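First comes the structure, then the notes that go with it.
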Number of protein chains: 2
Amino acid sequence: MSERLIYLPLGGAGEIGMNAYVYGYGAPGKERLILVDLGVTFGDMDSSPGIDLIMPDLSWLVDNRDRLEGIFITHGHEDHLGAVGHLWARLGVPIYARQFTGALCRLKLEEMGHPADTVKITGPRPEVTRLGPFTVQFVPVSHSIPESAALVIDTPAGRVVHTGDFKLDGTPVVGERFDPEMWHDIANEGRGIKALTCDSTNVFSTHPGRSEAVLANPITEWVLAQKNMVIATTFASNIARLKTLAEAAIAADRKVCLLGRAMRRMVSVGLETGVLTDFPNTIGPDEAAGLPRNKVMLLVTGSQGERRAASAQLSRGRYLGLSLKEGDSFLFSSKTIPGNERSVGRIMNALSEMGIDLYDGDDGLFHVSGHANRPDIEALHDLLKPEIVIPMHGEHMHLREHMTIARSKGIASSVATNGMMVELTGEAPKVVDQVETGRLYLDGNVLIGSMDGIVRDRIRMALNGHALVSVIVDEDDNPLPDAWVEISGLPGRSRGGEDLAAHIEGELAEFLESADRKTARDDAKIEEAVRKITRQVSMEEIGKKPEVTVIISRLMAE
Amino acid sequence: MSERLIYLPLGGAGEIGMNAYVYGYGAPGKERLILVDLGVTFGDMDSSPGIDLIMPDLSWLVDNRDRLEGIFITHGHEDHLGAVGHLWARLGVPIYARQFTGALCRLKLEEMGHPADTVKITGPRPEVTRLGPFTVQFVPVSHSIPESAALVIDTPAGRVVHTGDFKLDGTPVVGERFDPEMWHDIANEGRGIKALTCDSTNVFSTHPGRSEAVLANPITEWVLAQKNMVIATTFASNIARLKTLAEAAIAADRKVCLLGRAMRRMVSVGLETGVLTDFPNTIGPDEAAGLPRNKVMLLVTGSQGERRAASAQLSRGRYLGLSLKEGDSFLFSSKTIPGNERSVGRIMNALSEMGIDLYDGDDGLFHVSGHANRPDIEALHDLLKPEIVIPMHGEHMHLREHMTIARSKGIASSVATNGMMVELTGEAPKVVDQVETGRLYLDGNVLIGSMDGIVRDRIRMALNGHALVSVIVDEDDNPLPDAWVEISGLPGRSRGGEDLAAHIEGELAEFLESADRKTARDDAKIEEAVRKITRQVSMEEIGKKPEVTVIISRLMAE
């Protein structure tokens, strides 16, 4: 039999972010395909200055779009659906999602002017979606956002379970619990589980994960103990946490005010779609500003230190008529994502300078993770008894650790990173192809490739500074000796006090005056020499070689 | 009596890094001064791209250098002595340090061509250094580098204890233990302790600190269990850790090879000054490459993910003839400093891709901190019974937490950040002045101010890209319509595929052709209009406003 089942991550495998996983079934090279998730990741100054959003390069999938049946979105986090608005048009197939997730997808599509009815709202198991050789069910799992779903994907080659993001939470406060009985059934229907593609985020956390519900008491006690204004931040999409925080506020006779667009949007989509019920009434910032400080809780965006979010704004001063004061209490009901430590620290220190008491999730009282820890991952392996485990949603070291755990239980497993096409039809995963993948950067409103050199040039200017040289060549091919040098992001003077631009101009004048006819007629030769002189003089004067742009203007005889 | 005792941090208070603390005694404005420590901090891409070293702006101290008696260096870490080579010449006074620290200071001075005998090697208590109104003793404390010292500073207004960096370690493996009896004597001589200026780094760690000695067994057992090459990284200056690691290697019948200049230098200075004895013989990389993999331990620099250090080089491939292989074991015997997570993660993932097994200090088996934790800080308060506690060596939130702890014990305390001059003569600290402070950046070989705008321009180019426009105006003050636009770090084409530079040139041609005489004669007017058009067109085309440099060349009639 020549048909095969394949798995091909285009994002999210070898990194945490921009999830995009392809499954295929059919004759080699003719497999019918589905895509699971279409997320973004966020830029950082180190590797992508000026870039807000990063998304997977789907070139391979676009080239094969005639084989693509549909897109399934497991849940509403940005790293799973954030690229839907930007990339859907390149694929043009229907999107399947549950109600809350689907509502968020539709907002993404509408923002980019695409039709909302592209999203087909799909109910959970036992509802099935049949697309080509695939029969797909959304199966509720618990996570840090409501309505998170694993996918059960049935194919002629067997059943694949794609976990999406999950934890084993029996009491998730909002949304559905993880239901071991249902998963037992899924594992034991028919031929069992061929392959489990499984979240690896917390594989290095060795203690069992804790339920969202354990936070209610500590948070309520904490709010009751505070004497002035209480401010709390968490991910806007963590609606269960928002509810716990808001209910703690009510218990302490405080009104709740939501600050930040994302938070208001999440709560309203939650209410509209019915995943959220009984959320306490909230008040606006005007009303909050008029109440005694001990009667208010602000629930604010910006738990990761985002510069434009409400917590950052409040740490810089007045925001929407509200300002924080000495003796207020600020809770980060969150964990700082690796890489965001500096931004979060900046806000915490700014709040500390205002005399505000800080609390965070570090000791576990005020935060639990949304991902399965190592013992939970092992419990899922044991429950589902898959033939194959494919670790996903992790950096390379997470995937490798997860593979090691699976293999130690006698389960076939291997690490598949972005671009590796793996056949799952046999007893063990087998790499059958390596396709081109990469990252797209949203720069302004243009999608550019991460390897296009544009961001590389920006990084170089940031590290080395920039020198601009303008050279004019007259009608007779004689360069005018007075080149003009303009420096940006470079010290203007050397250690000895000499003017850098003037010094470069002096050296360039010597060269231009003595340039021979052949050189003077050749833009490339002039440019090369000018660049070399500029870099040499800079190195001598300030110990640094700048990026150099040379403009040569040739005057035309009239 | 009008004389007073003052404390003035110029670096290290409100940040972790670039320590520089001034003490003064005398009539207000005429106090005689000493400086404690002169360190650096390291740049990062977010706030200081292209900058390797950052140091305190000593302008105030330079203006008052006639009042400065000397500089005391507590220990050999870069954040305490790294600026000695760069800034000593601005102060020109003797430097006092113990033997090992002094040897490191001399290397720093020699690198910059300054006389080594500037450093006066000073023995520990009971030896005293008398400078003006100050009598200073170096008192050994334990830390993660040998010969760390606190300073006991006696003045007519009483005794100040400046802890430097410390932990309460009775068995520090290399160097002197923390000696409670000696500190009891120091606290009870004469009038007791007026003020304690105290390390705050680990004030948020709630468990008592652990001794360096607890690592020997776990590390030895770990090395014995490894089957192939063992590689371990830690701070080069943590000589005790290097010794523990090297002795574990010997116990496992492995030879030790040191990789990285800083590590070889630290071990050799340690041996020369006698603080290190019995370090196992080491082999060079050539010899290491020739041995069976299970007979070698590499001790390498780069525990913080530094790009040029040995661990980064090894993660990228062959280094000095050595390369890592699947099945090797790599230990980070260290803690990742906040902000370095991404760099360390990059190396770990690269090693994971090579099939190398990773181990780190996260579960406490393979790393202990060099700083006092909260219970240790409290124990020091209790032992010394100071009238005043001044928290130092911490971000604002650390200092504030430390102050709260001190106050809860009835000790007078307040937060003093860089630039706050605090009088310690009374019963409680009192702010008496706020002096200008800041940061100097070493850019290439030039020291620039952090607020000079140079680095700001680099950050802007990195975020926004750069457009260079060259305009030529002829002898009759007519602008030539064909301006030349060169873009750097910007998408060349809009979403619709239009050429950005060409489009800007087109719009500029329209403006230049129709510019009136008054505008054409005024460089500032042309520049303003050109910048505005360039930014507008860019915003329309690519959704982004670049930095713009305009060069106007005026042709002269001959």
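Not measured: the values here are computed from a predicted model. The basis for the numbers below is simple: all heavy atoms, side chains too, and nothing from hydrogens, waters or symmetry mates. Numbered from 1 within each chain, the chains take letters A, B, ... in sequence-line order.
Minimum interatomic distance between A:N445 and B:E541 (heavy atoms only, all atoms of both residues): OD1-O, 3.9 Å. Residues A:R458 and B:M461 share a closest heavy-atom pair of CD-O, 3.5 Å.
For A:R554, the CZ atom sits in a packed shell: over 12 heavy atoms of surrounding residues, nucleotides or ligands are nearer than 6.0 Å. Enclosure of atom CE in A:M112 by more than 12 non-hydrogen atoms of other residues, nucleotides or ligands within 6.0 angstrom is indicated.
Between chain B and the options A:T336, A:D457, A:I551, the largest number of non-hydrogen pairs under 4.5 Å is found for A:I551. Ranked by non-hydrogen atom pairs under 4.5 Å with chain A, the options B:I459, B:L358, B:D443, B:I448 are led by B:D443. Between chain A and the residues B:P49, B:A462, B:G43, B:G50, the largest count of heavy-atom pairs under 4.5 Å involves B:A462. For chain A, the option among B:G492, B:S48, B:G355 with the highest count of heavy-atom pairs below 4.5 Å is B:G355. Ranked by heavy-atom pairs shorter than 4.5 Å toward chain A, the options B:R495, B:E401, B:R400, B:E341 are led by B:R400. Listed options B:P491, B:S494, B:P338 were ranked by heavy-atom pairs under 4.5 angstrom with chain A; first place goes to B:P491. Per-residue counts of heavy-atom pairs under 4.5 Å with chain A were compared for B:R342, B:R493, B:M348, B:R456; the largest is that of B:R342.
Rounding to the nearest 0.5 angstrom, the gap separating the CE atom in A:M397 from the CG atom in B:L351 is 9.5 Å. Rounding to the nearest 0.5 Å gives a distance of 8.0 Å between CG of A:D482 and OG of B:S553. Going from atom CG of A:D362 over to atom OG1 of B:T206 covers 10.0 Å, rounded to the nearest 0.5 Å.
A:N349 pairs with exactly one of B:E15, B:H396, B:E395 by the side-chain hydrogen bond (donor to acceptor under 3.5 Å, both in side chains) rule, that one being B:E395.
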Chi angles and distances behind the side-chain contact (heavy atoms from CB on, under 4.5 Å) call for B:E353, A:V415
CA-CA 10 Å; B:E353 284 178 36; A:V415 169; over 6 Å; no
Applying side-chain contact (heavy atoms from CB on, under 4.5 Å) to B:L555 and A:L480, what does each step give before you reach the verdict?
CA-CA 10 Å; B:L555 303 179; A:L480 307 188; 4.1 Å; yes
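Contact of the A:V550 side chain with the B:E486 side chain is not registered, since no non-hydrogen atoms from C-beta on lie closer than 4.5 Å.
Within the structure, side chain to side chain donor-acceptor pair (under 3.5 Å) pairs that include any residue of residues 461-472 of chain A comprise A:N464-A:E547, A:H466-A:T549, A:H466-B:H466 (at least two apart or interchain).
Looking at B:D357, the atoms closer than 4.5 Å to chain A (heavy atoms on both sides) sit in the backbone and in the side chain alike. Contact annotation for B:V446: both backbone and side-chain heavy atoms come within less than 4.5 Å of a heavy atom of chain A. In this structure, the portion of B:I356 lying under 4.5 Å from any heavy atom of chain A is its backbone and not its side chain. Only the side chain of B:I472 has a heavy atom closer than 4.5 Å to any heavy atom of chain A. Of the atoms belonging to B:L447, not a single heavy atom falls under 4.5 Å from chain A.
With sequence neighbours excluded, the residues forming a ring pair (Phe, Tyr, Trp, His ring centres under 6.0 Å) with B:F204 are B:H398, listed by chain and number.
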